[in-house]
Amino acid sequence: MNFDLFSGEPQQQRQEILPGAFLLRGFALPFENELLQDIQGVIAEAPPRNMVTPGGLPMSVATTSCGDAGWVSDAYGYRYSKRDALSRKNWPAMPCSFFDLARNAATTAGYKNFSPDSALINIYKVGAKMSLHQDKNERDFSQPIVSVSLGLPATFLLGGLRREDKTIRVQLVHGDVVVWGGAARLFFHSILPIKVGVHPLLGKQRINLTFRKAL
DNA sequence: AAGTGGCT
DNA sequence: GGAT
């Protein structure tokens, strides 16, 4: 945990950035070592790949998953799949460190008993981005989304229910967690192109973990 | 099927 | 279609 050097009290790092959406600054830092180790394990079993959108264009972000389902995109559309098309096996199991972090973060944001069954791992090289979209391939929108930022910083845009709604922008750095649910669950969001840089632990990349109850 | 992308 |  982060402690205030003067008071010795844990600093409150929770900020409601829009109704239902919370920024938990540095929340993942205590889990850092275990998370990085477990990410390596998942990637060894299910290598990240640049999925193709239904429109036929490759995404700039490389993606893999773990848990009971993984988010996939191909010519047939966006969906969750229980199997990795590359290995034709089930996705790797979700590491306990992933589940615990996601559940704790959701609780801290006021979403009790979050039980993610899918963790999407998005690898951003410098210049990679994620266009404005909604997370809407899940079955149950009563469960929040938990997003963990590692490595290089990113600018996160969060809007509303309509694509054309005004967006706020939030700088996300290594260890930050964003949780959105309730009224914000279907809000459009995006990541601007990652700027040139080198992170001391992760080098020239940003890794994002996104947790969902997909099934 | 696709605006999770690329163009202006 | 809008932001950059």
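Proteins come first, then strands; the chains are lettered A, B, ... in the order of their sequence lines, and each starts at number 1.
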Inset, instruction - Using only side-chain N and O atoms of A/K129, determine if any of them is under 4.0 Å from OP1 or OP2 of B/dG6. - result: yes
Legend entry - side-chain N/O A/Y78 vs B/dA2 OP1/OP2, d < 4.0 Å: no
Inset, instruction - Look at all strands and tell whether A/R162 reaches a base, only sugar-phosphate, or nothing, counting heavy atoms closer than 4.0 Å. - result: nothing
Inset, instruction - Could you list the residues that satisfy side chain to side chain donor-acceptor pair (under 3.5 Å) with A/S60, not counting sequence neighbours? - result: none
Legend entry - With A/D100 via side chain to side chain contact (heavy atoms under 4.5 Å, CB included) - residues at least two apart: A/C96
Legend entry - From B/dG5, B/dT4, B/dA2, nucleotide with atom closest to A/L57 side chain: B/dG5
Legend entry - Length of the CG-P vector between A/D74 and B/dT4, whole Å: 14 Å
Legend entry - Whole-Å distance separating the CD atom of A/Q134 from the C1' atom of B/dA2: 12 Å
Legend entry - Separation between the C1' atoms of B/dA2 and C/dG1, rounded to whole Å: 16 Å
Legend entry - A/Y124 six-ring centre to A/R206 NZ/CZ under 6.0 Å and within 45° of normal: yes
Inset, instruction - Check each residue of residues 206-215 of chain A for a non-hydrogen atom within less than 4.0 Å of any atom in DNA chain B, then write out the ones that pass by number, or none. - result: none
Legend entry - Pair A/L29-A/H174, side-chain contact (heavy atoms from CB on, under 4.5 Å): steps then yes or no: CA-CA 8 Å; A/L29 290 177; A/H174 180 81; 3.7 Å; yes
Inset, instruction - Quickly, which of A/T108, A/V148, A/V179, A/D176 forms a side-chain contact (heavy atoms from CB on, under 4.5 Å) with A/F27? Name it, please. - result: A/T108
Inset, instruction - Determine the contact category for A/S73: base if any of its heavy atoms lies under 4.0 Å from a base atom, sugar-phosphate if only primed atoms, P, OP1 or OP2 are that close, otherwise nothing. - result: nothing
